[in-house]
Enquirer: 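This is the structure I have questions about; it appears just below.
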2 protein chains.
Amino acid sequence: MHEQETCLAVRDVLHRVGDKWSVLVVSMLSERPLRFSELRRSIEGISQRMLTLTLRNLERDGLVMRTVTPTVPPRVDYELTALGRTLLDPVLALAAWAAGHRVEIAHARARFDRKDRDEQTD
Amino acid sequence: MHEQETCLAVRDVLHRVGDKWSVLVVSMLSERPLRFSELRRSIEGISQRMLTLTLRNLERDGLVMRTVTPTVPPRVDYELTALGRTLLDPVLALAAWAAGHRVEIAHARARFDRKDRDEQTD
DNA sequence: CCGTATCCGATCCGATACTG
DNA sequence: CAGTATCGGATCGGATACGG
């Protein structure tokens with residue numbers, strides 16, 4: 001597991017998964033293909049720029065397929081590839097872990113920050 | 001799954017998991033508790049600063065426990081908490097996915113970049 | 001409708017130097 | 001040995017404006 005090449009590949013994927021919007025986009029596309037504007041509307045707070053960049057990166061990694069219909073106005077659909085769908089399982093497992101432990105984590109943070117402040121006031 | 005609070009908690013955890021060293025540190029601690037200097041030596045390329053920050057964040061989230069033995073020179077041990085150990089399963093699943101698909105991803109990237117370049121040269 | 005370009009602040013992370 | 005402080009480059013991501 002800790003050989004150079006594999007380790008870098010793992011870090012790479014974790015880094016993509018850790019960025020602000022990727023997982024949210026993938027999870028939106030997990031139900032059905034969506035147009036650019038549908039994604040934009042369904043993801044609260046994402047900017048046009050970041051949606052474009054996120055989709056481009058996912059497409060580059062082979063996780064998302066982009067289909068242009070050259071009508072006027074243009075129409076662009078995005079959907080998960082087979083590879084993209086295989087990512088769903090492990091990512092959702094991690095998301096479930098996060099959801100299941102968020103209260104515990106919040107408490108740990110509160111404890112830590114409180115102790116931190118108390119040590120300042122010595 | 002997409003209610004505000006849960007969604008932010010998930011993003012938060014993914015962001016931690018996506019940072020450069022956290023998962024590596026957790027995976028090192030999964031075998032046995034380690035001293036600061038042991039971690040430093042066993043993780044190729046990490047700086048003292050980043051090891052400290054990474055451990056501090058993991059401790060704050062309740063994933064790692066820090067134990068100081070006030071000898072001279074001081075000795076500080078780190079180990080996974082019960083919560084930290086529960087994180088291992090989903091993270092290793094994701095790492096396994098990354099390891100298992102790294103070739104496929106590399107090919108997707110090569111294809112994408114090639115196509116990209118070709119379209120520039122029109 | 002979809003995408004690109006530019007600017008700009010925020011954050012990440014490495015290098016280095018210094019303390020108990 | 002373990003940790004902190006400071007600096008500077010690289011990258012991230014939001015706002016805005018513009019183009020096909």
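In the text below, chain A, chain B and the rest are named by the order of the sequence lines, each starting its count at 1.
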Enquirer: Report the nucleotide, chosen from D/dA2, C/dC1, C/dG3, that has the shortest atom-to-atom distance to any side-chain atom of B/R66.
Expert: D/dA2
Enquirer: Judged by each residue's nearest nucleotide on DNA chain D, which is more toward the 5′ side, B/V76 or A/M50?
Expert: B/V76
Enquirer: Using heavy-atom distances to pick each residue's nearest nucleotide on DNA chain C, tell me which of A/H15 and A/R35 is more 5'.
Expert: A/R35
Enquirer: Check every atom of C/dT4, D/dA2, C/dC13 against the side chain of A/Q48 and return the nucleotide holding the closest atom.
Expert: C/dT4
Enquirer: Separation of A/D116 atom CG from D/dG3 atom P, in whole Å?
Expert: 13 Å
Enquirer: Quick one: A/I46 CD1 to C/dG3 P, roughly how many Å, whole number?
Expert: 12 Å
Enquirer: What bend angle does the helix from C/dG3-D/dC18 to C/dG20-D/dC1 show across its length, from five-pair end axes and to the nearest 10 degrees?
Expert: 30°
Enquirer: Any side-chain N or O of B/Y78 less than 4.0 Å from the OP1 or OP2 oxygen of D/dG3?
Expert: yes
Enquirer: Check the distance between D/dT6's P and B/L53's CG and give it to me in whole angstrom.
Expert: 14 Å
Enquirer: May I ask you to evaluate whether B/R75 reaches the phosphate of D/dG3, defined as a side-chain N or O under 4.0 Å from OP1 or OP2?
Expert: no
Enquirer: Taking the side chain as everything from C-beta on, heavy atoms only, tell me whether B/P33 gets closer than 4.5 Å to B/T67.
Expert: no
Enquirer: Side chains of B/S22 and B/D19: is there a donor and an acceptor less than 3.5 Å apart?
Expert: yes
Enquirer: Whole-Å distance between C/dC1 P and A/R40 CZ?
Expert: 10 Å
Enquirer: For A/T52, report the nucleic acid contact type (base, sugar-phosphate, nothing); a contact means any heavy atom under 4.0 Å.
Expert: base
Enquirer: Does the distance from a Lys or Arg side-chain N to an Asp or Glu carboxylate O, for B/R102 and A/E5, drop under 4.0 Å?
Expert: yes
Enquirer: What integer distance in Å separates A/R11:CZ from C/dC13:P?
Expert: 9 Å
Enquirer: In a check of side-chain contact (heavy atoms from CB on, under 4.5 Å) between A/L55 and each of A/L39, A/L63, A/V76, which one passes?
Expert: A/L39
Enquirer: Taking the minimum atom-to-atom distance to the side chain of A/P74, which one of C/dC2, D/dC1, C/dC13 wins?
Expert: C/dC2
Enquirer: When you check the gap from the basic side-chain N to the acidic O, do B/D113 and B/R111 get nearer than 4.0 Å?
Expert: no
Enquirer: How long is the line joining CZ of B/R16 and C1' of C/dC12, in whole Å?
Expert: 12 Å
Enquirer: Measure from CG on A/L55 to P on C/dG3 and round the result to the nearest Å.
Expert: 8 Å
Enquirer: So does A/L80 get a backbone contact from the side chain of A/R85, meaning a donor-acceptor N/O pair under 3.5 Å?
Expert: yes
Enquirer: Are any of the side-chain nitrogens in A/E59 or A/R56 under 4.0 Å away from the carboxylate oxygens of its partner?
Expert: yes
Enquirer: Report yes if a donor N or O on one partner sits less than 3.5 Å from an acceptor N or O on the other, where the partners are the side chain of A/R49 and the base of D/dG13; otherwise report no.
Expert: yes
Enquirer: Whole-Å distance between D/dG14 P and A/W21 CH2?
Expert: 6 Å
